[in-house]
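Step one of this worksheet: look at the structure below.
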2 protein chains.
Amino acid sequence: MFRGRHDHTMDVKGRLSIPRVFRGELVGDGESPPMLVNEKDHLALFPANVWSAEEQRLMEMSSLDPDAQRLRRFYATGSVPCPVDSQGRILVPGFLRDHAGLEKNVIVAGVLERIEIWSPSRFEQGQTTTVHGLEDIKRSINQGVRS
Amino acid sequence: MFRGRHDHTMDVKGRLSIPRVFRGELVGDGESPPMLVNEKDHLALFPANVWSAEEQRLMEMSSLDPDAQRLRRFYATGSVPCPVDSQGRILVPGFLRDHAGLEKNVIVAGVLERIEIWSPSRFEQGQTTTVHGLEDIKRSINQGVRS
DNA sequence: AAACAATGTTTCGCGGACGCCACGATCACA
DNA sequence: TGTGATCGTGGCGTCCGCGAAACATTGTTT
(Lines give C-alpha, C1' and ligand atoms only; values in the text may rest on other atoms or scores of the structure.)
Protein backbone atom coordinates (compact mmCIF):
# COMPACT_ATOMS: atom_id res chain seq x y z
CA MET A 1 0.00 0.00 0.00
CA PHE A 2 1.56 3.23 -1.14
CA ARG A 3 0.89 6.38 0.80
CA GLY A 4 2.00 9.96 1.07
CA ARG A 5 3.34 12.62 -1.22
CA HIS A 6 6.91 13.22 -2.36
CA ASP A 7 8.38 16.13 -4.31
CA HIS A 8 11.13 14.87 -6.59
CA THR A 9 13.02 16.07 -9.62
CA MET A 10 13.68 14.48 -12.98
CA ASP A 11 16.96 14.14 -14.76
CA VAL A 12 17.41 16.02 -18.05
CA LYS A 13 17.24 12.56 -19.56
CA GLY A 14 14.02 11.71 -17.85
CA ARG A 15 15.32 9.66 -14.96
CA LEU A 16 13.37 9.90 -11.77
CA SER A 17 14.24 8.46 -8.39
CA ILE A 18 11.49 6.56 -6.64
CA PRO A 19 10.96 7.38 -2.96
CA ARG A 20 12.78 4.89 -0.82
CA VAL A 21 9.66 3.77 1.03
CA PHE A 22 8.03 2.69 -2.23
CA ARG A 23 10.81 0.60 -3.71
CA GLY A 24 10.38 -2.63 -1.84
CA GLU A 25 6.72 -3.06 -2.63
CA LEU A 26 7.13 -1.73 -6.15
CA VAL A 27 9.66 -4.22 -7.41
CA GLY A 28 8.34 -7.13 -5.36
CA ASP A 29 10.36 -10.26 -5.94
CA GLY A 30 11.88 -8.71 -9.06
CA GLU A 31 10.54 -11.36 -11.38
CA SER A 32 9.02 -8.93 -13.81
CA PRO A 33 9.51 -5.16 -13.85
CA PRO A 34 6.93 -2.60 -12.69
CA MET A 35 4.70 -1.01 -15.29
CA LEU A 36 4.46 2.66 -16.14
CA VAL A 37 1.08 3.58 -17.51
CA ASN A 38 -0.29 6.66 -19.18
CA GLU A 39 -3.43 8.11 -17.63
CA LYS A 40 -5.57 11.02 -18.68
CA ASP A 41 -3.52 13.69 -16.96
CA HIS A 42 -0.73 11.88 -15.17
CA LEU A 43 1.30 8.67 -15.11
CA ALA A 44 0.77 5.63 -12.92
CA LEU A 45 3.33 3.10 -11.78
CA PHE A 46 2.31 -0.41 -10.75
CA PRO A 47 3.98 -3.46 -9.28
CA ALA A 48 4.00 -6.04 -12.05
CA ASN A 49 1.39 -8.33 -10.56
CA VAL A 50 -1.04 -5.51 -9.85
CA TRP A 51 -0.92 -4.22 -13.39
CA SER A 52 -1.22 -7.62 -14.92
CA ALA A 53 -4.45 -8.13 -13.00
CA GLU A 54 -5.69 -4.84 -14.36
CA GLU A 55 -4.66 -5.83 -17.84
CA GLN A 56 -6.51 -9.07 -17.44
CA ARG A 57 -9.71 -7.20 -16.85
CA LEU A 58 -9.13 -5.22 -20.04
CA MET A 59 -8.73 -8.41 -22.02
CA GLU A 60 -11.93 -9.83 -20.67
CA MET A 61 -13.95 -6.98 -22.08
CA SER A 62 -15.85 -7.68 -25.24
CA SER A 63 -13.82 -6.98 -28.36
CA LEU A 64 -17.06 -6.13 -30.10
CA ASP A 65 -17.66 -3.15 -27.88
CA PRO A 66 -16.03 -0.13 -29.54
CA ASP A 67 -15.61 1.62 -26.21
CA ALA A 68 -13.86 -1.35 -24.71
CA GLN A 69 -11.66 -1.52 -27.76
CA ARG A 70 -10.74 2.11 -27.35
CA LEU A 71 -9.95 1.61 -23.70
CA ARG A 72 -7.75 -1.32 -24.53
CA ARG A 73 -5.91 0.60 -27.18
CA PHE A 74 -5.34 3.55 -24.89
CA TYR A 75 -3.80 1.51 -22.12
CA ALA A 76 -1.87 -0.91 -24.27
CA THR A 77 -0.31 1.92 -26.21
CA GLY A 78 0.44 3.95 -23.15
CA SER A 79 2.02 1.32 -20.93
CA VAL A 80 5.67 0.44 -20.72
CA PRO A 81 7.68 -1.96 -18.57
CA CYS A 82 9.78 0.18 -16.34
CA PRO A 83 12.67 -1.46 -14.47
CA VAL A 84 14.11 0.29 -11.44
CA ASP A 85 17.85 0.76 -11.76
CA SER A 86 20.43 0.07 -9.09
CA GLN A 87 20.03 3.56 -7.61
CA GLY A 88 16.27 3.26 -7.36
CA ARG A 89 15.47 5.28 -10.45
CA ILE A 90 13.16 4.76 -13.42
CA LEU A 91 13.49 6.14 -16.91
CA VAL A 92 10.40 7.91 -18.15
CA PRO A 93 10.09 7.73 -21.97
CA GLY A 94 9.75 11.03 -23.75
CA PHE A 95 6.25 10.53 -25.08
CA LEU A 96 4.95 9.78 -21.60
CA ARG A 97 6.67 12.83 -20.21
CA ASP A 98 4.87 14.87 -22.81
CA HIS A 99 1.46 13.39 -22.18
CA ALA A 100 1.72 14.00 -18.48
CA GLY A 101 3.23 17.44 -18.93
CA LEU A 102 6.20 16.57 -16.78
CA GLU A 103 9.15 18.85 -16.44
CA LYS A 104 11.94 18.97 -13.94
CA ASN A 105 9.84 19.01 -10.79
CA VAL A 106 7.32 16.25 -10.31
CA ILE A 107 5.16 14.89 -7.55
CA VAL A 108 5.30 11.21 -6.72
CA ALA A 109 2.15 10.24 -4.88
CA GLY A 110 1.25 6.97 -3.21
CA VAL A 111 -2.34 5.96 -4.04
CA LEU A 112 -2.76 2.62 -2.27
CA GLU A 113 -2.16 -0.04 -4.91
CA ARG A 114 -0.53 2.36 -7.37
CA ILE A 115 2.02 5.16 -7.49
CA GLU A 116 1.11 8.27 -9.43
CA ILE A 117 3.45 10.74 -11.09
CA TRP A 118 2.18 14.26 -11.60
CA SER A 119 3.19 17.64 -12.80
CA PRO A 120 2.95 19.79 -9.65
CA SER A 121 0.56 22.30 -11.17
CA ARG A 122 -1.86 19.67 -12.40
CA PHE A 123 -1.71 17.85 -9.13
CA GLU A 124 -2.48 20.89 -7.02
CA GLN A 125 -5.29 21.84 -9.30
CA GLY A 126 -6.81 18.40 -9.09
CA GLN A 127 -6.53 18.31 -5.35
CA THR A 128 -8.20 21.64 -4.85
CA THR A 129 -11.14 20.71 -7.02
CA THR A 130 -11.38 17.43 -5.14
CA VAL A 131 -11.44 19.25 -1.84
CA HIS A 132 -14.20 21.51 -3.03
CA GLY A 133 -16.32 18.60 -4.15
CA LEU A 134 -15.30 16.38 -1.28
CA GLU A 135 -18.46 16.59 0.73
CA ASP A 136 -20.65 15.93 -2.28
CA ILE A 137 -18.55 12.96 -3.31
CA LYS A 138 -18.73 11.46 0.14
CA ARG A 139 -22.45 12.02 0.29
CA SER A 140 -23.19 10.39 -3.03
CA ILE A 141 -20.96 7.44 -2.30
CA ASN A 142 -22.43 7.13 1.15
CA GLN A 143 -25.89 6.99 -0.36
CA GLY A 144 -24.81 4.09 -2.51
CA VAL A 145 -25.39 5.98 -5.72
CA ARG A 146 -22.22 4.29 -6.86
CA SER A 147 -20.32 1.36 -5.45
CA MET B 1 -12.75 6.63 22.78
CA PHE B 2 -10.96 9.95 22.70
CA ARG B 3 -12.50 12.94 24.39
CA GLY B 4 -11.68 16.49 25.29
CA ARG B 5 -9.67 19.36 23.94
CA HIS B 6 -6.00 20.08 24.48
CA ASP B 7 -4.01 23.15 23.50
CA HIS B 8 -0.54 22.07 22.47
CA THR B 9 2.36 23.55 20.57
CA MET B 10 4.44 22.25 17.70
CA ASP B 11 8.18 22.11 17.42
CA VAL B 12 9.83 24.18 14.69
CA LYS B 13 10.47 20.86 13.01
CA GLY B 14 6.86 19.81 13.28
CA ARG B 15 6.99 17.59 16.32
CA LEU B 16 3.88 17.53 18.41
CA SER B 17 3.34 15.84 21.73
CA ILE B 18 0.22 13.75 22.07
CA PRO B 19 -1.81 14.27 25.24
CA ARG B 20 -0.93 11.63 27.75
CA VAL B 21 -4.48 10.36 28.07
CA PHE B 22 -4.60 9.55 24.35
CA ARG B 23 -1.39 7.59 24.01
CA GLY B 24 -2.45 4.23 25.30
CA GLU B 25 -5.42 3.84 23.03
CA LEU B 26 -3.65 5.45 20.11
CA VAL B 27 -0.70 3.10 19.84
CA GLY B 28 -2.63 0.02 20.90
CA ASP B 29 -0.43 -3.05 21.01
CA GLY B 30 2.20 -1.23 18.97
CA GLU B 31 2.07 -3.68 16.10
CA SER B 32 1.58 -1.06 13.42
CA PRO B 33 1.89 2.69 13.89
CA PRO B 34 -1.03 5.13 14.06
CA MET B 35 -2.00 6.94 10.88
CA LEU B 36 -2.03 10.67 10.31
CA VAL B 37 -4.56 11.67 7.69
CA ASN B 38 -5.28 14.86 5.83
CA GLU B 39 -8.85 16.10 5.98
CA LYS B 40 -10.47 19.04 4.29
CA ASP B 41 -9.41 21.58 6.87
CA HIS B 42 -7.55 19.69 9.57
CA LEU B 43 -5.62 16.51 10.30
CA ALA B 44 -6.88 13.33 11.89
CA LEU B 45 -4.93 10.73 13.80
CA PHE B 46 -6.14 7.13 14.03
CA PRO B 47 -5.14 3.96 15.81
CA ALA B 48 -3.80 1.66 13.12
CA ASN B 49 -6.70 -0.76 13.08
CA VAL B 50 -9.32 1.98 12.89
CA TRP B 51 -7.75 3.62 9.88
CA SER B 52 -7.07 0.39 8.07
CA ALA B 53 -10.76 -0.40 8.18
CA GLU B 54 -11.47 2.97 6.64
CA GLU B 55 -8.84 2.38 3.99
CA GLN B 56 -10.37 -0.94 3.19
CA ARG B 57 -13.58 0.77 2.23
CA LEU B 58 -11.68 3.07 -0.09
CA MET B 59 -10.09 0.14 -1.86
CA GLU B 60 -13.35 -1.60 -2.41
CA MET B 61 -14.72 1.25 -4.47
CA SER B 62 -14.77 0.83 -8.23
CA SER B 63 -11.60 1.99 -9.91
CA LEU B 64 -13.69 2.98 -12.92
CA ASP B 65 -15.55 5.64 -10.96
CA PRO B 66 -13.63 8.92 -11.30
CA ASP B 67 -15.06 10.28 -8.07
CA ALA B 68 -14.03 7.20 -6.16
CA GLN B 69 -10.60 7.52 -7.70
CA ARG B 70 -10.39 11.12 -6.57
CA LEU B 71 -11.42 10.20 -3.08
CA ARG B 72 -8.83 7.47 -2.95
CA ARG B 73 -6.13 9.77 -4.21
CA PHE B 74 -7.01 12.44 -1.71
CA TYR B 75 -6.84 10.17 1.30
CA ALA B 76 -3.97 7.94 0.22
CA THR B 77 -1.78 10.85 -0.73
CA GLY B 78 -2.71 12.67 2.43
CA SER B 79 -2.05 9.84 4.85
CA VAL B 80 1.16 8.77 6.43
CA PRO B 81 2.16 6.28 9.13
CA CYS B 82 2.99 8.25 12.19
CA PRO B 83 4.82 6.45 14.98
CA VAL B 84 4.84 8.00 18.43
CA ASP B 85 8.38 8.54 19.67
CA SER B 86 9.72 7.63 23.08
CA GLN B 87 8.60 10.93 24.50
CA GLY B 88 5.08 10.67 23.22
CA ARG B 89 5.50 12.93 20.22
CA ILE B 90 4.66 12.55 16.54
CA LEU B 91 6.35 14.20 13.59
CA VAL B 92 3.99 16.03 11.26
CA PRO B 93 5.33 16.14 7.67
CA GLY B 94 5.62 19.57 6.12
CA PHE B 95 3.03 19.09 3.41
CA LEU B 96 0.42 18.09 5.96
CA ARG B 97 1.25 21.06 8.13
CA ASP B 98 0.63 23.25 5.12
CA HIS B 99 -2.67 21.69 4.16
CA ALA B 100 -4.03 22.02 7.65
CA GLY B 101 -2.63 25.50 8.10
CA LEU B 102 -0.83 24.50 11.27
CA GLU B 103 1.62 26.81 12.95
CA LYS B 104 3.07 26.79 16.40
CA ASN B 105 -0.13 26.57 18.37
CA VAL B 106 -2.50 23.73 17.60
CA ILE B 107 -5.55 22.14 19.13
CA VAL B 108 -5.58 18.41 19.74
CA ALA B 109 -9.15 17.25 20.07
CA GLY B 110 -10.52 13.87 21.01
CA VAL B 111 -13.40 12.89 18.70
CA LEU B 112 -14.39 9.42 19.84
CA GLU B 113 -12.62 7.01 17.48
CA ARG B 114 -10.21 9.62 16.15
CA ILE B 115 -7.98 12.43 17.29
CA GLU B 116 -8.16 15.68 15.38
CA ILE B 117 -5.45 18.27 14.99
CA TRP B 118 -6.55 21.79 14.20
CA SER B 119 -5.25 25.25 13.70
CA PRO B 120 -6.92 27.19 16.56
CA SER B 121 -8.54 29.74 14.30
CA ARG B 122 -10.09 27.16 12.01
CA PHE B 123 -11.25 25.14 14.95
CA GLU B 124 -13.03 28.03 16.61
CA GLN B 125 -14.57 29.07 13.37
CA GLY B 126 -15.84 25.59 12.69
CA GLN B 127 -17.28 25.27 16.14
CA THR B 128 -19.22 28.51 15.95
CA THR B 129 -20.75 27.70 12.58
CA THR B 130 -21.67 24.28 13.94
CA VAL B 131 -23.34 25.83 16.94
CA HIS B 132 -25.38 28.12 14.73
CA GLY B 133 -26.47 25.33 12.46
CA LEU B 134 -26.88 22.79 15.21
CA GLU B 135 -30.63 22.53 15.11
CA ASP B 136 -30.70 22.13 11.35
CA ILE B 137 -28.05 19.47 11.48
CA LYS B 138 -29.93 17.51 14.08
CA ARG B 139 -33.12 17.82 12.11
CA SER B 140 -31.70 16.55 8.85
CA ILE B 141 -29.90 13.68 10.51
CA ASN B 142 -33.07 12.75 12.31
CA GLN B 143 -34.87 12.64 9.01
CA GLY B 144 -32.34 10.18 7.71
CA VAL B 145 -31.28 12.43 4.88
CA ARG B 146 -27.83 11.01 5.33
CA SER B 147 -26.47 7.63 6.26
C1' DA C 1 36.80 6.62 -36.18
C1' DA C 2 34.16 10.23 -34.02
C1' DA C 3 30.19 11.89 -31.89
C1' DC C 4 26.19 11.23 -29.64
C1' DA C 5 23.00 8.75 -26.87
C1' DA C 6 22.02 5.60 -23.17
C1' DT C 7 23.02 3.54 -19.00
C1' DG C 8 25.78 2.75 -14.87
C1' DT C 9 28.59 4.76 -10.96
C1' DT C 10 30.35 8.02 -7.58
C1' DT C 11 30.21 11.82 -4.66
C1' DC C 12 28.45 15.66 -2.23
C1' DG C 13 25.56 18.16 0.64
C1' DC C 14 21.23 19.24 2.49
C1' DG C 15 17.89 18.46 5.65
C1' DG C 16 15.03 15.26 7.78
C1' DA C 17 14.89 12.44 11.83
C1' DC C 18 15.88 11.13 16.35
C1' DG C 19 17.50 11.01 21.06
C1' DC C 20 18.53 13.37 25.18
C1' DC C 21 18.06 16.66 28.82
C1' DA C 22 16.66 20.47 31.40
C1' DC C 23 13.30 23.97 32.53
C1' DG C 24 8.75 25.17 33.94
C1' DA C 25 4.04 24.94 34.64
C1' DT C 26 0.31 22.49 36.28
C1' DC C 27 -2.07 19.23 38.93
C1' DA C 28 -2.71 16.08 42.83
C1' DC C 29 -2.43 15.02 47.18
C1' DA C 30 -1.21 15.49 51.75
C1' DT D 1 -0.88 25.89 51.72
C1' DG D 2 3.19 23.51 50.65
C1' DT D 3 5.48 19.72 48.38
C1' DG D 4 6.17 16.42 44.97
C1' DA D 5 5.23 14.11 40.76
C1' DT D 6 3.76 14.40 36.09
C1' DC D 7 3.81 16.15 31.67
C1' DG D 8 4.50 19.33 27.99
C1' DT D 9 8.05 22.41 25.72
C1' DG D 10 11.97 23.43 23.48
C1' DG D 11 16.53 23.43 22.72
C1' DC D 12 20.52 21.35 21.33
C1' DG D 13 23.39 18.24 18.82
C1' DT D 14 24.37 14.52 16.00
C1' DC D 15 23.74 11.36 12.62
C1' DC D 16 22.92 9.42 8.44
C1' DG D 17 19.54 8.58 4.83
C1' DC D 18 18.45 10.15 0.67
C1' DG D 19 18.12 12.70 -3.50
C1' DA D 20 20.45 15.29 -7.07
C1' DA D 21 23.96 16.25 -10.03
C1' DA D 22 28.11 15.35 -12.05
C1' DC D 23 31.03 11.97 -13.90
C1' DA D 24 32.49 7.65 -16.27
C1' DT D 25 31.64 3.96 -19.39
C1' DT D 26 29.61 1.45 -22.88
C1' DG D 27 27.44 0.95 -27.14
C1' DT D 28 25.59 2.42 -31.50
C1' DT D 29 25.21 4.86 -35.67
C1' DT D 30 26.69 7.00 -39.78
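Values below: every heavy atom of this structure, side chains too, minus hydrogens, waters and symmetry copies. Each chain gets a letter, A, B and so on, in the order its sequence line appears, and its residues count up from 1.
Distances shown here put a side-chain N or O of B/Thr9 below 4.0 Å from the OP1 or OP2 atom of D/dG10. Listed pair A/Arg15 / C/dT9 fails the phosphate criterion, with no side-chain N or O lying under 4.0 Å from OP1 or OP2. Taking only side-chain nitrogens and oxygens, B/Arg23 comes nearer than 4.0 Å to OP1 or OP2 of D/dG8. OP1 or OP2 of C/dT9 lies within a sub-4.0 Å distance of a side-chain N or O belonging to A/Ser86.
Side-chain atoms of B/Met35 and B/Cys82, non-hydrogen and from C-beta on, never get closer than 4.5 Å to each other.
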Wobble G-U and Watson-Crick pairs count when both distances are under 3.5 Å; given that, what is the 5' to 3' dot-bracket string of DNA chain D, with | for pairing to other strands? |||||||.||||||||||||||||||||||

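Summary of the strand contacts: A/Asp7 and A/Lys13 both lie near DNA chain D, and taking for each the nucleotide with the nearest heavy atom, the more 5' one is attributed to A/Asp7. Nearest-nucleotide assignment on DNA chain C puts the 5′-proximal partner with B/Pro93, out of B/Arg89 and B/Pro93.
Within 6.0 Å of atom CD in B/Glu124, more than 12 heavy atoms from other residues, nucleotides or ligands are found, so the atom counts as buried in its surroundings.
Counting to the nearest Å, the P atom of D/dT9 and the CG atom of B/Leu91 are 15 Å from each other. Atom pair B/Phe95:CZ and C/dG16:P shows a separation of 13 Å (rounding to whole Å applied). Protein atom CG of B/Leu96 is 15 Å distant from nucleotide atom C1' of C/dG16, rounded to whole Å. Nucleotide D/dT9 holds its C1' atom 13 Å from the CE atom of B/Met10, rounded to whole Å. At whole-Å resolution of the value, CG in B/Asn105 and C1' in D/dG8 are 13 Å apart. B/Asp85 places its CG atom 10 Å from the P atom of C/dC20, with the value rounded to the nearest Å. In this structure, the CD atom of A/Gln87 is 13 Å from the C1' atom of D/dA22, given to the nearest Å. The interatomic distance linking B/Arg97 (CZ) with C/dG15 (C1') rounds to 12 Å, in whole Å.
Closest heavy-atom contact between B/Thr129 and B/Gly126: OG1-O, 3.0 Å.
Side-chain atoms of B/Gln69 and B/Arg72 include a donor-acceptor pair closer than 3.5 Å. No donor-acceptor contact under 3.5 angstrom links the side chains of A/Gln87 and A/Arg89, judged on distance only.
A salt bridge is defined here as a Lys NZ or Arg NE, NH1 or NH2 lying under 4.0 Å from an Asp or Glu carboxylate O, and B/Arg114 with B/Glu54 fails to meet this definition.
Taking the ring-ring contact (aromatic ring centres under 6.0 Å, His included) definition, one finds that B/Phe22 meets it with B/Phe2, B/His6, sequence neighbours left out.
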